[in-house]
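Structure, as structure tokens:
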Amino acid sequence: MFRALVASVVLLCGAAQAVTINYQANGLSVFPGPNRWSYAYQLSGNFGSSEGINLLYPAVDYADLDLTEPPDLGDWSSLLTQPDPAFPADGLLGINAMAVLSPIDLRFTVEFTWLGSGRPGDQPFEVVDDFFNVVAIGRTTLPDQHGVPEPGSLLLAGVALGLLNLKKRLC
């Protein structure tokens with residue numbers, strides 16, 4: 001029974017890796033004028049051919065988007081549309097894999113004019129399949145500053161159950 005429990009915990013923890021997008025916001029303005037910023041992104045996950053992400057930039061907060069460091073054009077295609085507050089339409093950066101890429105660690109940079117107050121923060125994104133159907137949504141996150149990943153709650157529960165079972169057998 002204990003072996004079955006450990007095997008199920010390992011299999012469940014090894015499920016498909018979710019797409020994550022970390023960002024770092026960097027101020028570019030050094031003198032009065034447009035409030036220019038950049039996002040340095042790190043995209044992680046698994047992608048099939050033509051699958052990808054859409055990063056969304058609300059028109060009330062963003063203007064003048066520029067993909068200054070694009071992903072490798074041999075493996076990725078990208079499309080950037082500007083936010084249009086008159087329409088109203090959000091800006092969009094679509095990035096799609098040209099082949100099966102698994103796992104990936106993709107880095108790219110977008111510069112923009114920040115129209116909001118304070119510092120720019122996280123952005124919504126969509127994960128799309130090879131027919132451009134949205135299959136998941138999320139928000140970008142700041143990179144983990146600790147460098148030590150925390151074990152998943154499922155793994156912790158499995159270990160706790162295993163230890164309880166072991167204690168019962170020893171007593």
Side-chain angles (χ1 to χ4, degrees), residues 13 15-153:
C13 289
Q17 179 183 2
V19 172
T20 59
I21 306 174
N22 291 328
Y23 75 96
Q24 176 87 33
N26 301 304
L28 302 176
S29 299
V30 290
F31 54 89
N35 194 8
R36 293 293 290 173
W37 287 78
S38 73
Y39 282 134
Y41 292 106
Q42 179 182 4
L43 172 64
S44 302
N46 299 306
F47 291 90
S49 182
S50 299
E51 295 176 343
I53 58 143
N54 293 328
L55 278 159
L56 307 171
Y57 301 89
V60 297
D61 293 326
Y62 296 90
D64 308 316
L65 300 174
D66 186 15
L67 183 59
T68 56
E69 292 180 32
D72 179 15
L73 296 178
D75 293 332
W76 298 91
S77 68
S78 59
L79 172 70
L80 180 68
T81 61
Q82 297 296 324
D84 187 354
F87 189 53
D90 293 343
L92 179 135
L93 172 59
I95 298 177
N96 294 83
M98 301 298 287
V100 175
L101 302 170
S102 174
I104 58 125
D105 180 22
L106 179 67
R107 297 169 191 270
F108 56 98
T109 303
V110 173
E111 290 184 11
F112 56 91
T113 300
W114 176 242
L115 305 174
S117 60
R119 290 179 58 93
D122 60 351
Q123 311 85 57
F125 70 87
E126 305 167 331
V127 180
V128 296
D129 65 12
D130 54 346
F131 291 103
F132 304 103
N133 297 310
V134 175
V135 295
I137 58 172
R139 294 196 72 82
T140 59
T141 57
L142 292 170
D144 184 16
Q145 301 297 323
H146 304 291
V148 178
E150 295 182 23
S153 58

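Heavy atoms only: backbone and side chains are in, while hydrogens, waters and symmetry mates are out.
Taking both residues in full, the closest heavy atoms of P71 and L106 are given as CB-CD1, 3.6 Å, listed atom of the first, atom of the second, then distance. Across all their heavy atoms, D130 and E51 have their closest contact at N-CG, 3.8 Å. The two residues S102 and N46 make their nearest non-hydrogen contact at OG-OD1, 2.6 Å. Closest heavy-atom contact between A97 and G48: CB-O, 3.6 Å.
For the atom pair CD of E111 and OG1 of T68, the computed distance is 4.5 Å after rounding to the nearest 0.5 Å. For the atom pair L92 CG and L55 CG, the distance stands at 8.0 Å (nearest 0.5 Å). Separating the CG atom in L79 from the CD1 atom in I95 is a distance of 10.5 Å, to the nearest 0.5 Å. Within the model, atoms OG of S44 and CD1 of I21 stand 9.0 Å from one another, a figure rounded to the nearest 0.5 Å.
For Q82 (side chain) and L65 (main-chain N/O), a donor-acceptor pair under 3.5 Å exists by modelled atom type. In terms of modelled atom types and a separation under 3.5 Å, the side chain of R119 and the main chain of A25 share a donor-acceptor contact. Side chain of D90 to backbone of A59: a donor-acceptor contact under 3.5 angstrom is found. Under a 3.5 Å cut-off, the side chain of N96 and the backbone N or O of S50 do form a donor-acceptor pair.
Between P143 and Q42, every side-chain heavy-atom pair lies at or beyond the 4.5 Å cut-off. Looking at L93 and N54, their side chains never come closer than 4.5 Å, going by heavy atoms from C-beta outward. Residues M98 and S77 have side chains in contact (heavy-atom distance under 4.5 Å, counting atoms from C-beta outward). A 4.5 Å side-chain heavy-atom check between I53 and V128 finds every atom pair outside the cut-off. Within the 4.5 Å cutoff, the side chain of W76 has no heavy atoms near those of the P70 side chain. W114 places a side-chain heavy atom less than 4.5 Å from the side chain of D61. Annotation: side chain of Y57 is in contact with side chain of V110 (closest heavy-atom distance under 4.5 Å).
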I would like to know whether L101 and D75 meet side-chain contact (heavy atoms from CB on, under 4.5 Å); could you show each step before the answer?
CA-CA 8 Å; L101 302 170; D75 293 332; 4.1 Å; yes
Decide side-chain contact (heavy atoms from CB on, under 4.5 Å) for I104 and L43; before the verdict, give the C-alpha distance in whole Å, the side-chain angles of both, and the deciding distance to 0.1 Å.
CA-CA 7 Å; I104 58 125; L43 172 64; 3.7 Å; yes
Take V60 and L115, measure what side-chain contact (heavy atoms from CB on, under 4.5 Å) needs, and give me the verdict at the end.
CA-CA 7 Å; V60 297; L115 305 174; over 6 Å; no
Going through the checks in order, is the side-chain contact (heavy atoms from CB on, under 4.5 Å) test met by F125 and T140?
CA-CA 7 Å; F125 70 87; T140 59; 4.2 Å; yes
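Aromatic rings of Y23 and Y41 (six-membered ring for Trp) have centroids beyond the 6.0 Å cut-off, not under it.
Qualifying side-chain contact (heavy atoms from CB on, under 4.5 Å) partners for P34, counting only residues two or more places apart in sequence or in other chains: R36, T113. The side-chain contact (heavy atoms from CB on, under 4.5 Å) check on V135 picks up V127, D129, with sequence neighbours excluded.
Around atom CG of L28, more than 12 heavy atoms belonging to other residues, nucleotides or ligands sit under 6.0 Å away.
Counting only N and O atoms by type, the side chains of N22 and T141 include a donor and acceptor under 3.5 Å apart. Side-chain polar atoms of Y39 and Q123 form a donor-acceptor pair below 3.5 angstrom.
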